[in-house]
Amino acid sequence: MKKYIMQLMLVVSLIFVLAACGNDEGASEGNEIETGKNYELRLGTVISEPHPWADMAEYFAEEVEKQTDGHVKVSIHANGSLGNDETIIEELRMGTVDFIIGGAQNAAAFVPQYQVFGISYLFEDMDHFEKAISNDGPVYDYLKTEYETRNLDMKLLSLAGGGTRYLSNNKGEIATPEDLDGIKMRIPSSPIESEIWSALGALPTSLAWNELYSAVQTGVVNAFESTLSGYTGSKLYEVAPYVSLTEHLYMASHFSMSEATYNKLPAEYNEIIEKVAIEAGILGTERGIEMDKQLLEELPSLKVTTTEVDKQAFIDILTPLHDKLAKDSEATDLLEIIRELKD
């Protein structure tokens with residue numbers, strides 16, 4: 001009997017020891033071991049260097065790796081190597097890609113309100129635009145909430161600029177809306193773009209950015225709109241050597257993250273990612289402005305003809321469409337927020 005009691009006491013003691021060890025190990029996994037784990041993450045974008053998005057991506061990757069002491073490494077997959085914007089976003093939602101830097105309008109299939117950034121001549125000037133994309137402003141808060149409300153399984157990290165958009169073509173100089181009559185025009189996958197360019201007399205066709213060069217080269221389309229960094233980075237001057245200085249849009253970009261990735265990372269790494277993504281967004285906006293100025297000066301050396309346009313003629317046709325286009329995009333509230341930021 002005495003032997004049995006001693007054996008029982010030994011078993012009970014062993015149970016307590018194992019339980020204590022288990023608690024210590026759990027605490028370690030939740031803190032030290034978890035934050036010390038290494039993560040290899042992927043960032044997709046459709047553009048080629050040089051481009052503000054490339055600068056954003058490089059800054060983000062370098063700073064995140066440095067500030068996590070090398071525990072989070074971000075590889076950059078540019079030039080549409082992971083697919084077009086919609087494909088990358090679908091991968092984000094599944095957790096097989098971790099980040100995207102892309103055009104706001106190209107995400108309109110997931111967040112219809114992003115189409116508001118495709119409304120031509122919506123912003124009075126660059127200052128007005130920068131207020132709208134500020135990461136501590138009401139537009140960012142509105143769109144971030146849309147991500148959550150729509151259960152997109154991704155997070156909006158920051159908004160950014162990326163340059164001013166111009167009209168380019170391979171037919172000749174375009175200075176007035178009448179010059180666009182019958183021109184086959186490439187547009188992104190944003191429904192309101194079709195209405196805008198149709199109102200100006202063009203014949204819109206939706207195409208992915210990485211299909212554009214060959215589409216212009218083969219005559220599938222003759223015209224398109226883009227930033228100068230996108231135009232030169234993809235060597236589109238080789239097939240479309242005419243640029244009209246319409247300045248009809250300021251390029252709006254989104255930096256988004258897979259929610260599955262966010263949920264698997266320690267809180268302190270996510271804090272770093274969110275902070276650096278905002279810094280990258282500010283950098284992208286600044287680089288867009290700088291590159292516009294620089295590339296405008298370089299276009300003659302690329303044998304590109306630039307044309308001043310009757311901007312007021314374009315404005316007179318498109319401004320009356322603003323309210324309807326916003327309504328069609330479920331963005332009436334967002335349009336009003338943007339208008340209020342003019343003051």
Side-chain angles (χ1 to χ4, degrees), residues 44-49 51-54 77-92 97 100-112 114-120 162-172 174 177 179-244 246 248-254 304 314 318 325 328-329:
T45 187
V46 299
I47 52 79
S48 305
E49 293 185 274
H51 195 281
W53 294 353
H77 301 263
N79 200 29
S81 59
L82 297 181
N84 61 25
D85 282 68
E86 290 191 18
T87 300
I88 298 172
I89 289 173
E90 289 288 9
E91 295 285 345
L92 235 72
V97 174
I100 181 174
I101 298 175
Q105 293 154 264
N106 290 336
F110 305 92
V111 183
Y114 266 139
Q115 293 179 80
V116 77
F117 290 109
I119 296 178
S120 298
T164 303
R165 297 179 80 88
Y166 301 91
L167 172 67
S168 304
N169 82 98
N170 65 356
K171 288 290 190 180
I174 293 175
D179 296 332
L180 273 167
D181 189 44
I183 292 283
K184 293 181 286 186
M185 175 84 185
R186 177 267 174 184
I187 60 171
S189 57
S190 173
I192 69 167
E193 290 275 349
S194 179
E195 192 163 349
I196 286 171
W197 293 102
S198 294
L200 294 169
L203 304 174
T205 299
S206 178
L207 285 173
W209 177 259
N210 53 4
E211 298 172 8
L212 180 54
Y213 187 102
S214 61
V216 178
Q217 190 175 41
T218 57
V220 173
V221 295
N222 305 115
F224 55 91
E225 50 94 38
S226 70
T227 60
L228 292 180
S229 52
Y231 176 76
T232 56
S234 295
K235 301 186 185 301
L236 288 161
Y237 54 84
E238 295 176 348
V239 292
Y242 298 94
V243 172
S244 299
T246 50
H248 57 280
L249 282 180
Y250 296 112
M251 178 69 172
S253 315
H254 71 103
V304 172
F314 286 88
L318 297 178
L325 294 173
D328 292 346
S329 310

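Starting from 1, each residue takes its place in the sequence as its number. For clarity, every value in this text was computed on a predicted model and none was experimentally measured.
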Please check: side-chain N/O of [X] versus main-chain N/O of [Y], any donor-acceptor pairing under 3.5 Å?
X: R165; Y: L249; value: no
X: Q115; Y: I192; value: yes
X: K184; Y: T205; value: no

Step by step, would you call E225 with I196 a side-chain contact (heavy atoms from CB on, under 4.5 Å)? CA-CA 12 Å; E225 50 94 38; I196 286 171; over 6 Å; no
From [X] [atom1] over to [Y] [atom2], what is the distance, rounded to the nearest 0.5 angstrom?
X: L325; Y: E195; atom1: CG; atom2: CD; result: 5.0 Å
X: Y166; Y: T227; atom1: OH; atom2: OG1; result: 9.5 Å
X: E90; Y: N84; atom1: CD; atom2: CG; result: 10.0 Å
X: S329; Y: F117; atom1: OG; atom2: CZ; result: 12.0 Å
X: I174; Y: D181; atom1: CD1; atom2: CG; result: 10.5 Å
X: N170; Y: F224; atom1: CG; atom2: CZ; result: 8.5 Å

Is the shortest heavy-atom distance from the side chain of P204 to the side chain of E193 under 4.5 Å? no
Do V243 and V304 have side chains that get closer than 4.5 Å, going by heavy atoms? yes
side-chain contact (heavy atoms from CB on, under 4.5 Å) with E91: which of L82, I100, V97? V97
Check [X] against [Y] and note the closest heavy-atom contact, atom names and distance.
X: G230; Y: L236; answer: O-CD1, 4.1 Å
X: Y213; Y: S234; answer: CD1-O, 3.6 Å
X: N79; Y: S48; answer: OD1-OG, 2.7 Å
X: A54; Y: E49; answer: CB-CG, 3.5 Å
X: G44; Y: I88; answer: C-CD1, 3.9 Å
X: P241; Y: Y231; answer: CA-OH, 3.7 Å

S244 and T246 side chains, donor-acceptor separation under 3.5 Å: no
Check the pair L167 / L180 against side-chain contact (heavy atoms from CB on, under 4.5 Å), numbers first and verdict last. CA-CA 10 Å; L167 172 67; L180 273 167; 4.0 Å; yes
Before giving the answer on side-chain contact (heavy atoms from CB on, under 4.5 Å), spell out for I119 and L318 the whole-Å C-alpha distance, their side-chain angles and the decisive distance to 0.1 Å. CA-CA 8 Å; I119 296 178; L318 297 178; over 6 Å; no
Between H248 and F314, does the ring centroid distance fall short of 6.0 Å? no
Verify side-chain contact (heavy atoms from CB on, under 4.5 Å) between W53 and S229, making sure each step is shown before the conclusion. CA-CA 10 Å; W53 294 353; S229 52; over 6 Å; no
